[in-house]
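A short write-up of the structure that comes next.
In the text below, chain A, chain B and the rest are named by the order of the sequence lines, each starting its count at 1.
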Protein chains: 2
Amino acid sequence: MRKIRKFSAPEPSMRRLPTYLHVLTRLLRENRLYVSCTFIANELYLDPTQVRKDLALTGIVGKPRVGYSVQELIDKIKAFLGWDVQRDAILVGVGNLGTALLGYQRFRLYGLNIVTAFDKDPRRIDKTIFGVDVLSVEKLPNLILRKKIDIGIITVGEEAAQEVADLMVQGFIKGIWNFAPKTLIVPDDVIVENVQLSVSLGVLTSKMKLFETEKDTV
Amino acid sequence: MRKIRKFSAPEPSMRRLPTYLHVLTRLLRENRLYVSCTFIANELYLDPTQVRKDLALTGIVGKPRVGYSVQELIDKIKAFLGWDVQRDAILVGVGNLGTALLGYQRFRLYGLNIVTAFDKDPRRIDKTIFGVDVLSVEKLPNLILRKKIDIGIITVGEEAAQEVADLMVQGFIKGIWNFAPKTLIVPDDVIVENVQLSVSLGVLTSKMKLFETEKDTV
DNA sequence: CTCCAATAGAGAATTAATTCACGAATAATA
DNA sequence: TATTATTCGTGAATTAATTCTCTATTGGAG
């Protein structure tokens, strides 16, 4: 029996996998061949069983008393995350954040290849930022159809976000990485992942607040 | 009985609150006085009861048949998130991401006041970026003690992150917003919130992959 | 060769989070 | 004024996620 309509992996696990990958690449640099769940768990302050179950999602098989092959684990995690294939992407909105993303070389390691950027501000158009051409957003519909673009990155303000998303959907994009603080309306077969820095800041400051009031009242 | 050692709010709820705030500020602009959970839930594709339980965390009391006061709800959520007080912050690492954060005006709305930035690259030092002075990281220990800094933002590479965190801890910082892909070791009374863009990208690409393979096999 | 310690793996138990179900309150309407 | 529809609030039920427990395997030490 296959599951329909629901992606078959716990999201908390998915969110931990890139962190494991990070520890693993360090271990690879240090020429370690094998690693145990216990080791990874200690590094990241997690429960070893939790790490083991997360890793099992990737299909890796470990050896008792030895652990997992570091290299194989890296490959399996990358494959699970979909980082074993290159995906072409476009970025719309070359403001501060958009520019920072264009300059973030590491994304290449994750298979993300930003081929073109777009903006509506004439001062930004027809420039090259970190080796990526910035075009007028008017040229988006044409380009997105011509090249086979998988991923759209939205770094415009909240007021323009839906409009940009619509253009992307019309261009048969498969996934949208949305940095605008706006819930996008898209068809079911387009996957949206929202990033909002305010969410993370809120977790930090609310924990700080709870912690402060706790200290006061204990 | 008070809870000890564990922060008394479900993290998933905390992560949703800023999103509610976003809807609410839009409603305030549109001069709406009241809003129901059902309305918010529909906007964000969530379950109304979930929204209600989340909002209850802030201590808000609603009127049956009417809902909640938009203004009061905004105030309560901000208070819960700790966004009702200004907190002074420093930022270390004025690269692409650090620069983008300095330029992100919206943080002021969340009570985050970045007073000074630091870098070790002489080409960046003694400049002003988006109105924030960039100093040599050597001046950090002094400044952090002199001014009362609550929050440290780490936007350096993974190799320098722990070192920077140590300096912050010595300066009696209360919270660290860590953008480096590195698990920081800090005392119990310092709160760390990690942001890793790769995590979010991983969720997007792995969902895309699962979705693609699902379509193939159904 | 035998024993020991470390670890994977899998299922059970527990805990956390979400969703359901229902009673009470309230404003609008007839 | 009585009725109705809407919504809050809360406790129960369900589902998801984490943690615990136990067994089997394996490499290394004696």
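- Comparing atom distances between the P64(B) side chain and each of dC8(D), dA17(D), dA27(C) picks out dC8(D) as nearest.
- Side-chain proximity of P12(B) to the nucleotides dG9(D), dA17(C), dT19(D) is greatest for dA17(C).
- A sub-4.0 Å separation between OP1 or OP2 of dC8(D) and a side-chain N or O of Y34(B) is absent.
- In this structure, of dC8(D), dA17(D), dA8(C), it is dA8(C) that holds the atom nearest to the side chain of C37(A).
- The nearest whole Å value for the distance from the OH atom in Y45(B) to the P atom in dT19(C) is 16 Å.
- Salt-bridge check for K53(B) with D47(B): failed, with every basic side-chain N at 4.0 Å or more from each acidic carboxylate O.
- Judged by atom type and distance alone, R65(B) reaches the base of dA27(C) through a side-chain donor-acceptor pair under 3.5 Å.
- Annotation: the span from S200(B) atom OG to Q196(A) atom CD amounts to 10.5 Å, rounded to 0.5 Å.
- Nearest to the side chain of K53(B), among dA5(D), dT7(C), dT19(C), sits dT19(C).
- Between L55(A) atom CG and dT18(D) atom P the separation is 13 Å, expressed in whole Å.
- Residue Y68(A) places its side chain closer to dG9(C) than to any other of dC8(D), dT25(D), dG9(C).
- When rounded to the nearest whole Å, the span between CG of L57(A) and P of dG9(C) equals 12 Å.
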Review point. Which is it for I60(B) and E72(B) under the side-chain contact (heavy atoms from CB on, under 4.5 Å) test, yes or no, and what are the steps along the way?
Key: CA-CA 8 Å; I60(B) 190 99; E72(B) 192 192 349; 3.7 Å; yes

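- For the pair R32(B) and F39(B), the cation-pi test (distance below 6.0 Å, angle within 45°) is passed.
- The distance from atom CZ of R15(B) to atom P of dA17(C) is 13 Å, rounded to the nearest whole Å.
- Counting non-hydrogen atoms under 4.0 angstrom, T49(A) reaches a base of the nucleic acid.
- Across the protein-nucleic acid pair, K76(B) atom NZ and dC8(D) atom P stand 15 Å apart, rounded to whole Å.
- One atom, CD of E11(B), and another, C1' of dT18(C), lie 16 Å apart when rounded to the nearest Å.
- Straight-line distance from the CG atom of L33(B) to the P atom of dA27(C): 14 Å, rounded to whole Å.
- Here R52(B) reaches the OP1 or OP2 of dC8(D): one of its side-chain N or O atoms lies under 4.0 Å away.
- Aromatic ring pairs are classed by plane angle as parallel below 30°, tilted from 30° to 60° and perpendicular above 60°; the pair Y104(A) and F107(A) is perpendicular.
- For the pair I60(B) and Q50(A), both in contact range of DNA chain D, the more 5′-proximal nearest nucleotide belongs to I60(B).
- As rounded to whole Å, 15 Å separates atom P of dT10(D) from atom CG of D54(B).
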